[in-house]
Amino acid sequence: MVNTVWIIKRMADFPELELIDEEDIIILIQDAVLRTPSLDNWYACEEDTVARGVKISQDKLVSYADIIDIIEKANKVVVW
Amino acid sequence: MVNTVWIIKRMADFPELELIDEEDIIILIQDAVLRTPSLDNWYACEEDTVARGVKISQDKLVSYADIIDIIEKANKVVVW
Amino acid sequence: MKLLIVLASNPYSHDFNTAIKLARAGIERNHNVSMFFMANGVYSLVREEIKNLAELGVKVYYCAHNANQRRISPESWAESSSMYGLSKLVGEADKVIMLD
Amino acid sequence: MKLLIVLASNPYSHDFNTAIKLARAGIERNHNVSMFFMANGVYSLVREEIKNLAELGVKVYYCAHNANQRRISPESWAESSSMYGLSKLVGEADKVIMLD
Amino acid sequence: MAKKKDIVFILKSNPFSWKAFEALRQAVGASIEHNITFIFMKDGVYTLTDWKPQLIGIDPIDKSIESLGMMNASIIAEKEAVRERGILFKDWGVEIQIKDKEEICDIIKDAEVVITW
Amino acid sequence: MAKKKDIVFILKSNPFSWKAFEALRQAVGASIEHNITFIFMKDGVYTLTDWKPQLIGIDPIDKSIESLGMMNASIIAEKEAVRERGILFKDWGVEIQIKDKEEICDIIKDAEVVITW
């Protein structure tokens with residue numbers, strides 16, 4: 001069970017770590033893919049990553065369809 | 001003689017100090033008025049300062065007319 | 001899932017791109033997708049991408065106040081609404097994605 | 001002084017406010033003020049504040065490409081131009097203020 | 001079907017653009033049928049100071065904040081953000097609760113819908 | 001009267017919006033009658049990497065950079081910004097000079113017009 005999906009738009013605005021629960025998932029989109037976090041439970045929007053020419057390992061990349069599936073399973077979405 | 005007028009919009013984007021000449025003038029506008037620089041040759045747009053409820057000493061505040069006069073006397077304007 | 005995407009950013013922005021890609025993926029997964037445009041987001045209502053989404057089944061709403069303010073006259077596939085209308089949509093939605 | 005203000009930001013922004021206040025102050029000081037609207041700045045062309053500035057003597061230009069792209073049909077007080085037109089205005093101006 | 005929800009609004013950017021105005025208007029619209037908590041975080045706490053939106057071409061927010069008060073919305077400011085900026089709040093005629101980040105975290109965790117600006 | 005000027009364009013924000021596209025288009029338009037220097041600073045250096053604007057709904061910038069090259073514009077990237085980000089440039093078919101901040105300062109000081117994005 002995913003508790004909250006955090007959709008992060010800008011790395012500089014990354015929410016304080018205490019906001020993130022163990023069952024939460026972080027999805028980096030837009031310019032947030034330029035710098036990856038030091039946590040484990042994160043994924044990056046594949047299209048936004050490839051568009052920016054950033055190298056992120058394939059198992060961390062999610063399509064928009066994947067993002068929708070993650071959102072469906074979560075309790076709620078917070079865009080940050 | 002004013003060399004360059006630097007119009008600064010965001011404090012975080014403040015240009016590297018080495019860019020600023022002694023004969024240059026810095027004018028803080030918009031959100032840049034929230035944090036004042038450690039240099040001497042700066043002024044802040046009065047309206048943007050009052051709008052944000054920020055306290056800056058009166059001798060550092062300039063009206064839009066003043067800004068236009070400073071721009072007229074300068075060699076060039078750089079918005080940063 | 002009833003998915004509501006609220007866009008308050010101007011078009012030609014990161015958020016515009018994110019909004020349309022998420023809406024399209026939602027529709028492809030057979031979810032019930034609504035988009036609500038407000039503030040500078042109402043400028044998006046003249047973009048082809050939004051019209052295409054409406055044709056794919058996305059329900060498109062906008063804040064009439066913001067559209068009037070910006071002199072935007074949306075086409076008939078977009079439904080005039082308000083902040084109260086948005087409140088109702090939030091009440092009905094399973095998930096809300098706010099982009100501004 | 002010939003002052004050229006280029007606005008590429010969307011309206012309802014800091015830059016919009018700065019642009020109109022500087023243009024007005026320039027006119028009040030009897031300078032020759034031109035404004036050039038491009039990118040999301042062309043949305044400003046439907047704002048009353050810009051029309052008022054045009055009536056006060058500010059010459060208003062816009063990038064026709066950006067306006068078409070955004071389905072904006074400016075009124076006659078705004079002159080259709082291009083990036084090449086902007087280049088000429090920069091050549092003629094004493095000072096250029098770029099806001100984006 | 002529509003139901004009454006616990007909605008948390010978060011304004012984390014400074015209010016000196018139209019964002020604060022639109023966020024508050026959205027919250028007022030939602031307050032008629034939902035339980036609203038409006039949290040000012042980071043630079044968002046500037047919203048509650050004595051600033052002058054009209055000077056920079058933005059509509060006033062007083063009525064929106066007043067309406068939130070009348071609709072019994074909880075209005076919260078982040079303690080750390082207020083302290084770091086050394087700011088004072090204007091008297092908005094509504095109760096403003098100062099809570100630290102940890103308390104705000106719990107509120108976000110308990111919310112059904114979170115709308116961030 | 002119009003005269004040929006030394007114009008410096010500075011792109012300091014990252015290109016993953018329309019900013020880079022519009023800034024480059026503006027520079028190309030100006031290159032017909034002016035001497036153009038286009039400087040990529042801070043996150044602006046990402047513009048020169050191998051990124052894919054079409055994927056995020058932005059028009060390609062290749063033609064603009066090619067045009068700048070043909071018009072003999074100087075294209076400069078900030079050494080410190082490139083190093084900090086550890087990035088590699090795509091081959092744009094034009095010469096890209098890497099200069100440090102001090103050299104860039106001097107170029108800005110000598111410019112007649114500076115247009116920042």
Side-chain angles (χ1 to χ4, degrees), chain C residues 1-16 18-19 22 26 31-45 59 61-72 79-100, chain E residues 1-44 47 53 57-61 63-68 70-73 108 110-117:
Chain C
M1 159 175 73
K2 280 194 171 187
L3 177 65
L4 171 64
I5 301 172
V6 184
L7 184 67
S9 296
N10 52 81
Y12 304 93
S13 68
H14 294 147
D15 286 334
F16 178 83
T18 298
L22 283 175
H31 294 297
N32 181 326
V33 182
S34 299
M35 297 182 89
F36 191 100
F37 295 88
M38 63 179 291
N40 279 344
V42 299
Y43 290 126
S44 306
L45 291 165
K59 271 162 279 168
Y61 303 87
Y62 63 93
C63 172
H65 168 72
N66 290 147
N68 286 339
Q69 200 181 21
R70 288 168 178 76
R71 315 276 176 88
I72 304 278
E79 188 173 319
S80 173
S81 185
S82 63
M83 287 301 103
Y84 183 63
L86 174 59
S87 171
K88 288 209 162 299
L89 293 171
V90 170
E92 289 160 10
D94 295 312
K95 301 286 154 50
V96 180
I97 300 176
M98 174 73 210
L99 295 167
D100 82 286
Chain E
M1 282 300 95
K3 69 181 263 273
K4 189 181 181 85
K5 287 185 178 173
D6 290 322
I7 308 182
V8 171
F9 287 83
I10 300 177
L11 178 65
K12 51 192 167 55
S13 56
N14 85 46
F16 313 125
S17 67
W18 281 87
K19 282 201 179 190
F21 179 85
E22 295 292 356
L24 286 164
R25 198 166 68 89
Q26 207 186 40
V28 171
S31 68
I32 299 161
E33 32 180 36
H34 302 292
N35 295 324
I36 303 301
T37 303
F38 202 111
I39 306 179
F40 297 91
M41 292 182 78
K42 299 190 181 192
D43 276 350
T47 314
I58 299 168
D59 289 346
I61 58 169
K63 274 189 197 163
S64 296
I65 293 188
E66 198 186 315
S67 300
L68 285 181
M70 286 193 303
M71 301 309 287
N72 296 315
I108 294 174
D110 291 340
E112 290 176 88
V113 178
V114 179
I115 292 182
T116 51
W117 282 82

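Keep in mind the model is a prediction, meaning the values are calculated, not measured. Below, chains carry the letters A, B, ... as their sequence lines are ordered, and counting in each starts from 1.
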**Asked** Measuring heavy-atom distances to chain C, does Trp18(E) have an atom under 4.5 Å in its side chain, in its backbone, in both, or in neither?
**Response** side chain
**Set of ring pair (Phe, Tyr, Trp, His ring centres under 6.0 Å) partners for Phe37(C), sequence neighbours left out** = none
**Request:** State, to 0.1 Å, how close His65(C) and Arg25(E) come at their nearest heavy-atom pair, and which atoms those are.
**Result:** CD2-NH1, 3.7 Å
**Request:** For each of Leu89(C), Asn66(C), Asn40(C), Ile97(C), tally heavy-atom pairs with chain E at distances under 4.5 Å, and name the one with the top tally.
**Result:** Asn66(C)
**Request:** Could you check Glu22(E) against Cys63(C) for side-chain contact (heavy atoms from CB on, under 4.5 Å), going step by step and ending with a plain yes or no?
**Result:** CA-CA 11 Å; Glu22(E) 295 292 356; Cys63(C) 172; over 6 Å; no
**Item:** Between CD on residue Glu92(C) and NZ on residue Lys5(E), distance to nearest 0.5 Å
**Value:** 8.5 Å
**Message:** Can you list everything that forms a side chain to side chain contact (heavy atoms under 4.5 Å, CB included) with Asp6(E)? Sequence neighbours excluded, please.
**Reply:** Asn35(E), Glu112(E)
**Asked** Which atoms form the tightest heavy-atom contact between Met98(C) and Thr116(E), and what is the distance?
**Response** CG-O, 3.3 Å
**Request:** Taking all heavy atoms of Tyr84(C) and all of Gly29(E), pick out the closest pair and write down the distance.
**Result:** CD1-O, 3.9 Å
**Item:** Minimum side-chain heavy-atom gap Lys19(E)-Asp100(C) below 4.5 Å
**Value:** yes
**Asked** Can Met83(C) and Val28(E) be said to form a side-chain contact (heavy atoms from CB on, under 4.5 Å), step by step?
**Response** CA-CA 8 Å; Met83(C) 287 301 103; Val28(E) 171; over 6 Å; no
**Item:** Exercise: identify the closest heavy-atom pair between Ser87(C) and Ala30(E)
**Value:** OG-CA, 3.3 Å
